[in-house]
Amino acid sequence: MGWVSNHLLTVVTFLPLAGALLLLFVRRDRSQVFMVGATAVAGLDFLVSLPLWFRFDTAKPGFQFVERGEWIPSIGAQYSLGIDGISLLLILLTTLLGFLAILSSWTAVTERVKEYYIFLLALQTGMLGVFVSLDLFLFYVFWEAMLVPMYFLIGIWGGPRKLYAAIKFFLYTLFGSVLMLLGILALYFYYPKAGGSPAGTFDLVELTRVLGALNDPQWLDMQKWIFLAFFLGFAIKVPMFPFHTWLPDAHVEAPTAGSVILAGVLLKMGTYGFVRFSLPLLPAATRWYLPWLLLLSVVAIIYGALVAMAQTDWKKLVAYSSVSHLGFCTLGLFALNQRGLEGSVLQMINHGLSTGALFLIVGLIYERRHTRDLAEFGGLSKVMPIFATLFLIVTMSSIGLPALNGFIGEFTILAGAWDIPAGYGFLIPWLGSLHIGGRFWAVCGALGIVLGAAYMLWLYQRTMFGKLENPENAKLRDLSAREILTLVPIVACCFWIGLYPKPFFDVLERPVAEIVERLEPGGGGAAPVASARTMEPESSE
Amino acid sequence: VPAFDPNQLRLLSPEILLCLAACTLLALSLVREEARHWGPGLAALACAVTLAAVVAYPVRFGLEAMRLPTDLVGFQGSFILDSCAVFFKGLFLVTAILTFLFSGRYLREGGTEGGEYYALVLFAIVGMMLVASAGDFLTLFVALETTALALYPLVGYARGDARSVEAALKYFLIGSFATALFLFGTSLVYGLTGTVSFGLIGMSRSVGALEPGQAPYFLLGMILVIAGLGFKVAAVPFHMWAPDAYQGAPTPITGLLSTASKAAGFVAMLRLFPMAFGRLGDRWSLLLVILSLASMTLGTFAALTQDNVKRMLAYSSIAHAGYALLGLIAAGRGPDLGTREWGMQAVLLYMLVYTFVNLGAFGMVAMLRRRGVAGDRISDFAGLSRRSPLAAFAMLVFLLSLAGIPATAGFVGKWYLFAATVHSDLAWLAVVAVANSAVSLYFYARIVVMMYMREPLDDVPFRPSFAEGMAIAICLVFTLAFGLYPRPIVDLTRHSILAIAPWAL
């Protein structure tokens with residue numbers, strides 16, 4: 001027991017993989033074993049991850065539960081794990097959603113059951129590894145290795161266009177991440193030049209200590225390139241506009257559990273990457289690109305919402321809503337202040353919960369009707385009251401109704417965005433020197449909330465209310481106990497965050513404050529306005 | 001100093017041993033009809049014994065001891081037995097053993113079993129081992145020719161198959177042309193410096209060869225030598241023979257061509273360029289930049305449209321030659337010794353990893369051969385995950401490793417190459433390399449799609465021989481184990497370059 005509690009992160013990360021390896025030895029026709037086994041492993045993993053929450057000390061600075069071991073000493077790559085409040089929340093989200101996704105697959109997946117559960121469990125390890133790695137080399141290994149099981153999940157158990165969606169997903173994300181690899185290499189080779197130890201290191205803490213505070217013109221130039229490399233890797237994963245085109249394909253074609261994991265956890269790896277690597281390591285470059293980053297965030301919010309509104313496919317609508325919601329996350333993130341970042345991280349969790357639930361709901365309907373065309377539905381609340389109730393709560397959570405989690409996240413993000421200094425923006429000369437920036441971003445975000453409410457409520461209205469006209473729908477049965485069980489934990493979390501978010505903010509406060517402190521020019525307490533003026537990219541023509 | 005010191009023959013003992021074994025094998029197959037069945041076993045045994053002889057010295061005294069000049073050099077600098085040479089000799093012998101394991105059933109299915117096949121492979125390996133030790137142009141030339149002359153008939157070994165014969169002819173004609181270029185380049189360098197020894201050329205060059213009137217000829221000589229070696233590693237624009245030869249040759253020989261033969265080209269470059277052309281690093285590395293850029297891009301994009309797996313892997317191996325050249329480029333223009341060492345180490349590491357991975361991939365293609373089915377079309381992989389989950393998984397790992405996905409050894413190899421490139425301030429080249437590497441996933445994934453997402457074409461059971469299974473298992477374990485824990489191979493390559501690294505100053 002002692003070893004386990006000292007290596008809690010290792011156990012949490014590799015437990016699913018160990019379970020997958022065990023399942024390898026079971027005969028493939030015994031599908032019951034795989035269902036129950038995989039669910040048990042994922043459930044156990046969730047239970048094992050709970051002590052992280054209880055033993056987490058919100059008052060301690062830096063990383064906790066740190067484990068370090070030698071790995072490839074000649075290049076300084078280490079097996080080094082650790083979490084702060086930000087990764088803590090994402091790990092809990094991952095273990096919870098992983099468990100629910102596996103639970104939701106019992107009836108949805110009937111073919112090649114063995115491989116399915118093995119890939120899901122392997123995927124789980126990959127994602128957890130991304131969130132616990134403190135070593136960039138290790139991080140990259142998890143980041144890319146995780147693509148393989150996801151590729152198979154989409155490619156084997158996906159919808160009609162699965163092969164196209166799977167390879168598109170793989171190539172897109174791979175392209176982004178190999179460029180990120182070069183960014184990592186550039187950091188690695190700059191570190192000794194910047195006064196770090198000549199042996200070189202991939203250790204995030206050490207790199208941040210040396211490079212994050214470095215202030216010489218050559219490094220600032222370099223930062224801009226490195227930022228771009230990281231940006232492509234992360235922005236494709238998030239996905240930020242205009243790198244989002246893989247997302248609708250992958251989400252729509254993936255099996256339900258795949259969509260839940262994709263939307264719930266995978267996308268967060270992009271935003272997490274920004275918070276964990278781009279902001280602390282490359283603060284000056286982040287500020288330099290900030291107007292563009294904010295612009296892309298706002299475009300994603302509004303564009304995603306508008307496109308979602310035009311969808312006739314239930315799953316595609318939810319997929320595009322993700323683009324919009326992730327736009328909120330990046331908006332809060334690039335507000336670069338305490339509230340914005342806290343809201344952003346919380347919104348990552350919220351989006352994971354509510355969109356994960358939405359995909360589960362689409363999956364439940366698809367299993368019954370084998371169509372997702374919205375025109376086929378209407379009046380479902382009459383035959384499926386429990387389903388309708390849960391769907392209503394999730395819808396409300398997604399549009400940000402007070403007392404539910406979405407409200408807390410979006411409100412905090414907008415509050416943070418409201419404080420974006422006026423300097424971060426664009427000057428458009430041919431519109432009478434119109435200045436867009438500062439509070440403009442928050443206003444756009446608020447508009448996005450309105451649009452979000454519109455498409456979600458419209459979706460609810462079209463499917464749940466009205467007359468039950470289609471005779472196919474009259475025969476639908478309501479949710480089974482297992483199906484309810486997949487949604488209830490999510491709904492409970494939605495209420496928890498919505499009614500009493502304090503524990504979450506407590507966990508986030510310190511790590512976010514540390515990042516914000518690094519982001520301020522000179523690391524002092526001065527507002528970033530002064531430097532923002534000089535760093536403002538000149539007006540677009 | 002006498003010109004020939006019989007004492008120094010001990011340096012050559014592994015090569016002599018292997019030569020004798022090859023001759024014995026050849027004689028045995030003439031005398032006794034059934035000896036051909038023992039071919040793979042005897043040949044593999046000969047390689048294993050030779051391997052033991054090669055590594056005995058470093059195992060006994062450590063690789064560090066291989067740095068002492070008196071123990072290293074024989075025959076007045078013609079023969080160098082340093083740690084780098086030992087590394088490559090070991091690699092060639094392991095490649096040969098794996099090739100033999102893949103060959104037995106493959107040749108039986110094709111009805112072309114014969115003792116001369118194994119003897120020829122052994123002669124080719126002897127040639128490659130000599131390449132690894134060559135310290136002057138004459139030895140290098142003879143060694144390269146020994147290799148090539150043994151490989152020509154092997155490519156055309158399937159006499160009944162028109163494609164195989166055509167491949168051999170193409171390989172022979174283009175190979176002879178490359179030899180001529182190499183020889184002409186050598187003669188120019190010799191004419192200007194008066195010596196064929198790499199080390200002496202490296203030193204004398206500063207005296208006379210680079211004077212204004214002579215410099216262009218010296219450079220021309222160097223360029224021709226690079227062209228000649230470019231053929232050996234199948235780098236664009238000297239790659240034309242590769243797709244046809246790879247496709248036509250018996251699959252185990254294709255594996256040998258794409259790994260050991262390529263590695264032989266690289267070890268020649270690794271020794272020749274820093275030693276003989278050391279102070280011209282920025283010149284030859286510029287040429288290599290062009291070769292590398294063209295190889296990576298053309299190899300990757302040509303592979304996208306292939307339907308024959310051997311041809312696809314041929315183009316992929318052209319691309320991989322382009323990646324491996326990145327290490328040599330870093331060895332030539334790296335700003336400091338650390339970077340140059342890094343580049344050399346990256347080449348060694350990549351050759352090591354690539355050998356196991358590519359042999360595994362070609363081995364899988366060989367395993368798909370059965371009576372009447374060549375097994376080299378992409379569609380032959382259809383539904384392999386149903387027919388044999390383990391074989392499909394092995395192939396998946398090899399393909400991911402070729403694409404450079406982490407947790408496989410291929411990633412470690414590529415990581416070192418890309419790192420060397422970034423380290424020598426060629427970030428743009430690294431961007432091209434990683435972009436190609438990402439694109440390459442597309443054609444590797446086509447095989448994955450076949451294996452996992454298509455139904456089998458027929459329900460003939462998949463029955464590889466025990467030897468094949470063992471060889472695949474070795475390649476698979478290597479790829480996964482060193483992908484997750486690369487420390488042993490990183491340290492091995494690090495030590496292996498110590499003897500040649502000082503020349504890169």
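In this text, all values refer to a predicted model and were calculated from it rather than measured experimentally.
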Participant: Between B:Arg494 and B:Asp491, is the closest basic N to carboxylate O distance under 4.0 Å?
Facilitator: no
Participant: Tell me, side chain or backbone of B:Leu484 under 4.5 Å from chain A's heavy atoms, or both, or neither?
Facilitator: backbone
Participant: Is a donor on one side and an acceptor on the other found under 3.5 Å between the side chain of B:Ser388 and the backbone of B:Leu384?
Facilitator: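 Looks like no, no N/O pair under 3.5 Å.
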Participant: Evaluate side-chain contact (heavy atoms from CB on, under 4.5 Å) for B:Val432 paired with B:Met296, printing each intermediate quantity in order.
Facilitator: CA-CA 8 Å; B:Val432 176; B:Met296 289 188 294; 4.3 Å; yes
Participant: Does anything in residues 158-175 of chain A get under 4.5 Å of chain B by heavy atoms, and if so which residues?
Facilitator: A:Leu163, A:Ile167, A:Phe170, A:Leu171, A:Leu174, A:Phe175
Participant: By a 4.5 Å heavy-atom criterion (distance strictly below it), what part of B:Val431 contacts chain A: side chain, backbone, both, or neither?
Facilitator: both
Participant: Taking every non-hydrogen pair under 4.5 Å, which of A:Trp143, A:Phe152, A:Tyr140, A:Tyr79 racks up the most with chain B?
Facilitator: A:Phe152
Participant: Would you say CG of B:Leu390 has more than 12 non-hydrogen atoms from neighbouring residues, nucleotides or ligands within 6.0 angstrom?
Facilitator: no
Participant: Could you tell me how the ring of B:Phe482 sits relative to the ring of B:Phe478: parallel (under 30°), tilted (30 to 60°) or perpendicular (over 60°)?
Facilitator: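 Because their plane-to-plane angle is over 60°, the rings of B:Phe482 and B:Phe478 count as perpendicular.
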Participant: Would you say CZ of A:Arg30 has more than 12 non-hydrogen atoms from neighbouring residues, nucleotides or ligands within 6.0 angstrom?
Facilitator: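 It does not: A:Arg30 CZ has 12 such atoms or fewer within range.
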Participant: Give the intermediate values and the outcome of side-chain hydrogen bond (donor to acceptor under 3.5 Å, both in side chains) for residues B:Tyr444 and B:Ser316.
Facilitator: CA-CA 9 Å; B:Tyr444 295 127; B:Ser316 123; 2.9 Å; yes
Participant: Sort by residue number and list every member of residues 446-453 of chain B having a non-hydrogen atom under 4.5 Å from chain A.
Facilitator: B:Val448, B:Val449, B:Tyr452, B:Met453
Participant: Using a cut-off of 6.0 Å, state whether more than 12 heavy atoms not belonging to A:Trp219 lie near its atom CH2.
Facilitator: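 Counting other residues, nucleotides and ligands, CH2 of A:Trp219 exceeds 12 neighbours.
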Participant: Would you sort out whether A:Asp203 and A:Arg68 count as a salt bridge (charged side-chain N to carboxylate O under 4.0 Å, His left out), showing the intermediate values?
Facilitator: CA-CA 10 Å; A:Asp203 185 53; A:Arg68 278 177 205 285; 3.0 Å; yes
Participant: Non-hydrogen atoms of chain A under 4.5 Å away: do they reach the side chain of B:Thr421, the backbone, both or neither?
Facilitator: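 Neither part, no heavy atoms under 4.5 Å.
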Participant: Based on non-hydrogen pairs under 4.5 Å, which of A:Glu70, A:Arg28, A:Glu115, A:Glu144 is most in contact with chain B?
Facilitator: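 Ranked by heavy-atom pairs under 4.5 Å with chain B, first place is A:Glu144.
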Participant: What part of B:Tyr485 gets within 4.5 angstrom of chain A, counting heavy atoms only: side chain, backbone, both, or neither?
Facilitator: both
Participant: Taking the six-membered ring for Trp, are A:Phe142 and A:Phe137 closer than 6.0 Å centroid to centroid?
Facilitator: no
Participant: Would you please test A:Tyr289 and A:Phe231 for ring-ring contact (aromatic ring centres under 6.0 Å, His included) and show each step?
Facilitator: CA-CA 10 Å; A:Tyr289 288 111; A:Phe231 173 78; 7.6 Å; no
Participant: Quick check on the 6.0 Å ring-centre criterion: do A:Phe189 and B:Trp342 meet it?
Facilitator: yes
Participant: Picking from A:Ile184, A:Val141, A:Leu147, A:Val148, which has the most non-hydrogen pairs under 4.5 angstrom with chain B?
Facilitator: A:Val141
Participant: Return yes when atom OH of B:Tyr442 has more than 12 non-hydrogen atoms of other residues, nucleotides or ligands closer than 6.0 Å, and no otherwise.
Facilitator: no
